[in-house]
Amino acid sequence: MLKSIACGDVRASNIGQTVTLAGWVHRRRDHGNLVFIDLRDSGGIVQVVFNPETAPDAHAAAEDVRNEWVIQVTGEVTKRPPGTENPNLPTGDIEVAAAGAVVLNPSKTPPFYVNEQSDVEELLRLQFRYLDLRRPAMREAIVLRHRVVKYIRDFLDRRGFLEIETPILIKSTPEGARDYLVPSRLHPGRFYALPQSPQQLKQLLMVAGFERYFQIARCFRDEDPRADRQPEHTQLDLEMSFVDEEDVLALAEELFTAVVEELVPDKAVIKPFPRLTYAESMARFGTDKPDLRFGLEMADLSDIAASTDFQVFRSVLERGGIVKGFRAPGCASYSRREVDGLVEFVKSRGAQGLVSIALMGEGGSLEELGQDQVRSSAARFLSLDQVKEIARRTEAGIGDLVLIIAGPSKSTNLALSLLRHEMGRRLGLGDPNLLAFAFVTDFPLFERNEEEERWDAMHHAFSMPKEGHEKLIESDPGAVVGRIYDIVCNGEELASGSIRNHKRELQERIFKVLGYTHDEVDARFNQLLTALDYGAPPHGGIAPGIDRLMMILYGRENIRDVIAFPKTQSGFDPLFEAPAEVEQSQLDELHIRVVPEG
RNA sequence: GGCCCCGUGGUGUAGCGGUUUAACACACUGCCCUGUCAAGGCAGAGAUCGCCGGUUCGAAUCCGGUCGGGGUCGCCA
């Protein structure tokens with residue numbers, strides 16, 4: 001080793017020892033004679049003093065050194081002179097008096113500050129990610145990520161799970177996300193696909209009798225990235241045999257709770273995790289991934305709206321839409337400008353508009369509310385009684401602002417739920433140290449795809465219907481509830497899972513509703529269906545997203561902040577500059593001809 | 001594919017039609033300085049304002065396009 005101790009490990013107990021350190025120059029303070037260097041390595045920072053009188057050669061070397069140079073220093077650990085201790089450093093009681101110094105490698109001036117946590121354009125950080133990763137915020141994220149994954153592995157190992165790898169080169173399956181394709185040299189014109197998840201593989205492992213499987217699995221989806229989505233992401237994929245929902249949920253709850261309590265003890269979780277059904281979640285929060293750190297629950301106002309003369313409401317309802325709203329506490333005093341801002345917010349998220357009702361005044365009960373206290377663009381269409389009823393439903397009081405959206409159910413719920421989260425954020429209602437995990441259960445098995453006029457799988461095609469719902473599969477697909485569950489936390493979907501079909505006949509009926517022809521099923525799912533014929537055990541599982549879990553544990557709003565080498569929103573890797581063109585010979589070998597765009 | 005925001009020395013920002021030889025902080029270079037720890041002092045170098053085109057007597061500043069980044073809707077079983 002080029003060092004005898006890590007920079008961050010030097011303590012008062014080492015005083016008198018001669019140590020060799022190696023690391024990066026974090027900061028240099030040159031007093032002309034005395035030179036101080038804060039030397040940094042993966043373990044921390046320690047101050048090194050270069051004295052020209054006692055060590056002229058080392059001092060001369062230190063004069064030349066600049067930020068981020070890599071140096072090796074040998075010297076004695078000494079107690080700092082009284083009054084010069086630095087309480088901000090764990091190593092602040094001591095320093096190393098350099099006797100010798102060697103420059104192991106100089107550095108160019110970095111393109112941004114490595115030694116301070118200043119904001120830097122993210123593209124530049126990604127181009128020089130290896131420098132960005134030297135900074136504490138990124139470093140801590142990567143270290144925590146390691147601990148979380150290690151904890152998960154140990155936790156599952158103790159419970160009899162086996163970690164089993166599955167192929168990265170697999171087969172494209174229809175539906176779901178767009179696949180990343182890999183051309184085959186040995187089979188011209190044929191392609192592997194990168195797995196969107198090891199779904200079928202883990203089910204086959206259950207048929208193989210492993211009973212408890214998990215994998216820290218990389219998953220690939222060729223769709224547009226987002227703040228919480230990357231083209232490739234990591235899942236804790238796990239599957240168990242001979243279980244029902246309760247077994248999977250109990251395990252997941254125990255795991256997540258333990259991870260938080262052991263690794264991020266300053267964050268709190270709600271125990272036990274609240275549970276709500278999909279229908280409940282949609283009704284109360286307009287989304288299947290509600291932020292439960294605060295209330296502001298939604299109320300259906302359709303019946304009240306129907307009794308008004310407000311044409312906007314009536315026409316929406318005539319077309320089968322809904323009218324729904326929630327309260328923004330204390331926001332009655334919002335200015336015209338602020339309210340307009342909220343209107344813009346929902347319009348940019350698919351709503352036609354926003355009706356707000358401000359209940360002006362301070363204190364007093366709803367009963368005493370006067371017409372003069374109601375401020376709303378729809379005021380002249382609403383009777384005082386109707387306003388009061390709307391307030392009662394949304395639990396709004398004097399001083400609150402009721403926000404209402406009318407429109408088709410899907411887009412209205414979406415915009416309203418985004419507005420709810422936005423208001424929660426603006427009003428600071430979400431405790432940043434609370435991780436409000438919850439289970440959302442009983443998802444529909446099928447979802448109507450209006451454009452394509454067909455039924456899609458809401459979750460995926462392999463989930464089992466709830467008991468008693470099999471008979472509805474063909475007659476009323478939309479009414480079939482699946483044995484499907486999600487874990488959500490603070491408005492993010494963290495995990496998704498289900499009890500799977502282990503009977504071929506049932507699985508084939510579901511494929512049929514999804515519109516697959518016999519040939520398509522045979523081509524894509526034959527391996528799974530055939531396996532079900534050979535004694536497939538009842539089984540189910542769940543797949544938490546590790547990146548999103550890390551966002552929540554580390555308190556980041558961006559998935560790139562918890563990934564060592566992420567891609568931009570256009571799927572570009574600024575460090576390697578991938579994707580890139582390849583040699584013509586490589587294309588020839590793969591029998592690929594590139595058609596120029598346009 | 002749609003919508004919104006951003007793009008000025010190395011970094012972060014200011015300037016938003018002429019008074020700008022584009023300002024400030026930090027970084028950088030040189031000199032001074034024996035106890036600093038975001039060390040300090042003095043001096044200096046460094047950007048034609050992402051790119052293309054237009055409007056104008058005059059554009060970093062206005063307009064259009066384009067490229068790149070971010071956010072979002074679509075998409076993401």
Side-chain angles (χ1 to χ4, degrees), chain A residues 26-39 45-54 59 66-68 78 80-89 91-92 95 97 108-128 131 173-179 196-197 199-200 219-231 233 341 344-351 410-411 414-415 418 422 443-447 449 451 455-463 482 484 493 496 498 510-511 514 543 545 557-558 560 567-570 572 574:
Chain A
H26 189 67
R27 225 180 269 282
R28 187 184 69 119
R29 291 176 295 279
D30 186 347
H31 286 234
N33 282 309
L34 272 192
V35 173
F36 298 94
I37 284 179
D38 292 339
L39 194 64
I45 289 174
V46 68
Q47 173 167 282
V48 183
V49 192
F50 296 80
N51 191 323
E53 287 171 13
T54 55
H59 180 267
R66 292 292 181 273
N67 284 347
E68 300 308 313
T78 59
R80 290 203 192 185
T84 67
E85 300 88 351
N86 185 346
N88 300 319
L89 283 180
T91 61
E95 62 195 5
K108 286 187 174 178
T109 301
F112 53 83
Y113 303 109
V114 172
N115 57 15
E116 60 182 72
Q117 202 53 50
S118 51
D119 279 343
V120 179
E121 197 185 322
E122 195 174 1
L123 184 62
L124 189 68
R125 288 173 53 201
L126 294 182
Q127 279 163 346
F128 292 89
L131 298 182
T173 55
E175 213 198 315
R178 207 172 283 115
D179 282 317
Q196 294 181 27
S197 84
Q199 181 59 36
Q200 290 191 60
C219 304
F220 306 87
R221 292 171 189 181
D222 187 5
E223 300 291 349
D224 292 3
R226 282 285 192 289
D228 62 353
R229 262 167 34 195
Q230 282 272 298
H233 77 282
E344 279 314 302
F345 181 89
V346 299
K347 277 188 171 173
S348 72
R349 283 157 182 80
K410 195 177 171 186
S411 61
L414 176 65
L418 293 170
E422 172 67 12
F443 280 77
L445 203 57
F446 302 106
E447 184 178 33
N449 183 330
E451 292 89 73
W455 291 98
D456 287 344
M458 182 131 186
H459 178 235
H460 61 52
F462 311 107
S463 300
I484 301 171
E493 179 190 317
S496 192
S498 66
I510 289 169
F511 283 145
L514 294 173
E557 293 190 350
N558 197 298
R560 294 181 298 276
K567 293 176 176 58
T568 68
Q569 206 166 85
S570 66
F572 182 68

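Chain letters run A, B, ... following the sequence lines, proteins first, then strands; residues in each count from 1.
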Please tell me if [X] has a side-chain N or O lying less than 4.0 Å from either OP1 or OP2 of [N].
{"X": "R560(A)", "N": "rG71(B)", "answer": "yes"}
{"X": "R226(A)", "N": "rC73(B)", "answer": "yes"}
{"X": "S118(A)", "N": "rC26(B)", "answer": "no"}
{"X": "N558(A)", "N": "rG71(B)", "answer": "yes"}
{"X": "Q47(A)", "N": "rU36(B)", "answer": "no"}
{"X": "R29(A)", "N": "rU34(B)", "answer": "no"}
{"X": "T568(A)", "N": "rG69(B)", "answer": "yes"}
{"X": "N86(A)", "N": "rC37(B)", "answer": "no"}

Ignoring hydrogens and angles, are the base of [N] and the side chain of [X] linked by a donor-acceptor pair under 3.5 Å?
{"X": "R221(A)", "N": "rC75(B)", "answer": "no"}
{"X": "R349(A)", "N": "rC3(B)", "answer": "no"}
{"X": "R66(A)", "N": "rU29(B)", "answer": "no"}
{"X": "E121(A)", "N": "rG12(B)", "answer": "no"}

Quick one: do [X] and [Y] make a salt bridge, cutoff under 4.0 Å?
{"X": "D30(A)", "Y": "R28(A)", "result": "yes"}
{"X": "E223(A)", "Y": "R229(A)", "result": "no"}
{"X": "R29(A)", "Y": "D38(A)", "result": "yes"}

Can you tell which of [options] lies closest to the side chain of [X]?
{"X": "E95(A)", "options": "rU36(B), rC28(B), rC76(B)", "value": "rU36(B)"}
{"X": "L34(A)", "options": "rG69(B), rC76(B), rG35(B)", "value": "rG35(B)"}
{"X": "T84(A)", "options": "rU11(B), rC75(B), rC37(B)", "value": "rC37(B)"}
{"X": "Y113(A)", "options": "rC73(B), rA27(B), rG35(B)", "value": "rA27(B)"}
{"X": "N67(A)", "options": "rA27(B), rG10(B), rG35(B)", "value": "rA27(B)"}

Taking [X] for the side chain and [Y] for the main chain, is one N or O donor matched with an acceptor at less than 3.5 Å?
{"X": "N115(A)", "Y": "H26(A)", "answer": "yes"}
{"X": "Q569(A)", "Y": "D224(A)", "answer": "no"}
{"X": "T91(A)", "Y": "I45(A)", "answer": "yes"}

- Query: So, is the end of the R125(A) side chain (NZ or CZ) under 6.0 Å from the ring centre of F128(A) and within 45° of the ring's axis?
  - Reply: no

Any strand counts, and the cut-off is 3.5 Å on both contacts for Watson-Crick or G-U wobble. Which nucleotide pairs with [N]?
{"N": "rC62(B)", "value": "rG54(B)"}
{"N": "rG40(B)", "value": "rC32(B)"}
{"N": "rU13(B)", "value": "rA23(B)"}
{"N": "rG7(B)", "value": "rC67(B)"}

Name the nucleic acid region contacted by [X], choosing base, sugar-phosphate or nothing; use a 4.0 angstrom heavy-atom cut-off, strictly under.
{"X": "L89(A)", "result": "nothing"}
{"X": "P111(A)", "result": "sugar-phosphate"}
{"X": "S197(A)", "result": "base"}
{"X": "E85(A)", "result": "base"}

Euclidean distance, atom [atom1] of residue [X] to atom [atom2] of [N] [Å, nearest integer]:
{"X": "E447(A)", "N": "rC76(B)", "atom1": "CD", "atom2": "C1'", "value": "12 Å"}
{"X": "F50(A)", "N": "rG35(B)", "atom1": "CZ", "atom2": "C1'", "value": "15 Å"}
{"X": "L414(A)", "N": "rG74(B)", "atom1": "CG", "atom2": "P", "value": "6 Å"}
{"X": "E53(A)", "N": "rU34(B)", "atom1": "CD", "atom2": "P", "value": "10 Å"}
{"X": "E344(A)", "N": "rC5(B)", "atom1": "CD", "atom2": "C1'", "value": "14 Å"}
{"X": "F345(A)", "N": "rC5(B)", "atom1": "CZ", "atom2": "P", "value": "15 Å"}
{"X": "F128(A)", "N": "rA27(B)", "atom1": "CZ", "atom2": "P", "value": "20 Å"}
{"X": "M458(A)", "N": "rC76(B)", "atom1": "CE", "atom2": "C1'", "value": "13 Å"}

Work out how far the [atom1] atom of [N] is from that of [M], and round it to whole angstrom.
{"N": "rC73(B)", "M": "rU13(B)", "atom1": "P", "result": "26 Å"}
{"N": "rC76(B)", "M": "rU72(B)", "atom1": "C1'", "result": "14 Å"}
{"N": "rC32(B)", "M": "rG7(B)", "atom1": "C1'", "result": "40 Å"}
{"N": "rC62(B)", "M": "rU55(B)", "atom1": "C1'", "result": "8 Å"}
{"N": "rA22(B)", "M": "rA59(B)", "atom1": "P", "result": "14 Å"}
{"N": "rA14(B)", "M": "rC33(B)", "atom1": "C1'", "result": "33 Å"}
{"N": "rG30(B)", "M": "rG46(B)", "atom1": "P", "result": "16 Å"}
{"N": "rG58(B)", "M": "rG17(B)", "atom1": "C1'", "result": "8 Å"}

- Note on the structure: Comparing nearest nucleotides in RNA chain B, the 5'-proximal residue of the pair P110(A), R27(A) is P110(A)

- Message: Stacking between rA39(B) and H31(A), yes or no? Criterion: centroid separation under 5.5 angstrom, plane angle under 30 degrees.
- Response: yes

- Item | Near-parallel close stack of F36(A) and rU36(B) base (under 5.5 Å, under 30°) | yes

- side chain to side chain contact (heavy atoms under 4.5 Å, CB included) between F50(A) and L34(A): does it pass, once the steps are laid out? CA-CA 6 Å; F50(A) 296 80; L34(A) 272 192; over 6 Å; no

- Item | Between F220(A) and H233(A), ring centroids under 6.0 Å | no

